[in-house]
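The structure under discussion appears below in the form of structure tokens.
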Amino acid sequence: MRTTTLIAYASLIGAVSAIVVPEARSSSTIDDTALLNYALTFENLENALYSGALSSFSQDDFVNDGLPTWSRGRFEQISAHEQTIVGLLSSTVGSSAMQACDYSFPYTSPSSFTELAELISGVTVAAYLGAAQYITNKDFLTTAASVLSTKARHAAWIAAPVNKHNAWSGAFDTPLSLNAAYTLAAQYITGCPSSNPSLPVSTYPSLTIANASAGQAAAVTAANNVTTEGQYVAFFSGLSTTFVQVQGGQVVIPSGSMGISYAVLTNSNSTADDSTITAGVAVVQIDFNSNGIRE
Ligand SMILES: *[C@@H]1O[C@H](CO)[C@@H](O)[C@H](O)[C@H]1NC(C)=O
Ligand SMILES: *[C@@H]1O[C@H](CO)[C@@H](O)[C@H](O)[C@H]1NC(C)=O
Ligand SMILES: *[C@@H]1O[C@H](CO)[C@@H](O)[C@H](O)[C@H]1NC(C)=O
């Protein structure tokens, strides 16, 4: 883990920000093959998301639901990219490659699919960013970076012209630790082939933060009877983490929040890693317009 530089926008009482890179692990627990299979976990999920929605919804369905005439064709291209990426990663890993699982996606219409695609494509970018530090083979690193930059374009295109949200959240995208990103992906996975390799990742009890504007209080709840009162919510935004204490069942969304932040519950006010996280991961979305004004 890296640094603890205090940075700006701690205008909130009790909020602390720091530059935090997800916790480092020893290379014995996560080798390059496991990392490729970790990437395949997300790629298989996205592949199923796009191909499933495209087989469910026609061009007319997209247009009748208010989506642009040009959007479905682009999703066809994205879906083809996913198949290509899954093919490349699978052939690189070989016989122990992670196979596709069964998934349940909560979309009910083309527009709810595009909202979900924005969320999941953003999580995949965060997963690649968080995992990058563990890659040892430089060729894999180039491949992963090449995939990552394409996926960031997908995510930005889905967010902005399609969903009319902001294409980015700030100068830095947010890396998520292996367990944090996996927790977000796992909610859509209903079962996997028993032959799939097991990965050194696990999920947290879920955390829910009610919708609220930046600077406003929002209700916090955690699954599995995890105590929230007096604990901290760590908001990951770009390379910064802001800790805010839960008081009266609520947390104040950091006033500087822009775009997507990912939030976890911690029992520490200065460290958010697997030794302190007790629940997660909530996605906090604070849209802002083309003038940078929060909506
Ligand atoms: C926040 O609002 C969105 C869009 O209206 C909704 O889908 C989501 O369930 C809400 N989340 C919470 C935690 O209330
Ligand atoms: C939560 O607490 C209740 C009451 O103590 C208990 O019955 C239940 O099993 C607990 N659930 C979990 C997931 O621990
Ligand atoms: C963080 O926690 C430590 C240890 O409990 C405490 O001494 C410190 O005052 C806390 N800092 C903030 C900003 O809440």
Side-chain angles (χ1 to χ4, degrees), residues 1-24 101-104 106 123 130 169-170 172 174-192 198-210 212-258 260-284 286 294:
M1 187 161 81
R2 276 201 226 154
T3 4
T4 42
T5 315
L6 286 177
I7 62 146
Y9 92 64
S11 54
L12 276 159
I13 308 293
V16 183
S17 286
I19 307 293
V20 177
V21 170
E23 179 198 17
C101 298
D102 293 325
Y103 307 96
S104 173
V123 169
S169 296
F172 302 101
T174 305
L176 281 176
S177 71
L178 302 179
N179 287 348
Y182 179 69
T183 295
L184 285 163
Q187 63 187 316
Y188 308 111
I189 302 175
T190 54
C192 294
S198 66
L199 291 179
V201 291
S202 56
T203 60
Y204 305 123
S206 67
L207 177 72
T208 305
I209 298 180
S213 304
Q216 291 187 345
V220 179
T221 49
N224 296 10
N225 296 338
V226 170
T227 302
T228 58
E229 193 63 23
Q231 305 296 295
Y232 296 85
V233 175
F235 293 90
F236 301 125
S237 175
L239 300 177
S240 301
T241 305
T242 303
F243 293 84
V244 185
Q245 194 166 32
V246 179
Q247 292 171 329
Q250 297 190 312
V251 69
V252 176
I253 308 293
S255 56
S257 298
M258 297 277 264
I260 299 286
S261 305
Y262 298 101
V264 294
L265 189 72
T266 65
N267 55 27
S268 160
N269 64 14
S270 57
T271 302
D273 64 19
D274 289 338
S275 69
T276 62
I277 293 172
T278 56
V281 177
V283 180
V284 177
I286 308 289
R294 291 180 195 87

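Note that the numbering runs from 1 along the sequence shown for the chain. Order of appearance sets the numbers: ligands from 1, and atoms from 1 within every ligand.
Counting only distance, with no hydrogens or angles, the side chain of Y103 and the backbone of C101 share a donor-acceptor pair below 3.5 Å. Using a distance-only test at 3.5 Å, with no hydrogens or angles considered, no donor-acceptor pair links the side chain of Q216 to the main chain of I253.
Residue N224 approaches ligand 2 through these ligand atoms, each under 4.0 Å from one of its heavy atoms: 13 (C). Ligand 3 places these atoms under 4.0 Å from at least one heavy atom of N269: 1 (C), 2 (O), 3 (C), 8 (C), 10 (C), 11 (N), 12 (C), 14 (O).
Note that CG of L184 is 10.5 Å distant from OG1 of T203, once rounded to the nearest 0.5 Å.
Within the 4.0 Å cut-off (strictly below), no protein heavy atom is located near atom 5 (O) of ligand 2. Counting protein heavy atoms under 4.0 angstrom from atom 11 (N) of ligand 2 gives one or more.
Residue, atom and distance of the protein heavy atom nearest to atom 3 (C) of ligand 2 are N225 ND2, 3.5 Å.
Residues D273 and S275 bring a donor and an acceptor atom of their side chains to less than 3.5 Å of each other.
Annotation for Y182: atom OH does not count as buried by contact number, only 12 or fewer foreign heavy atoms lying within 6.0 Å.
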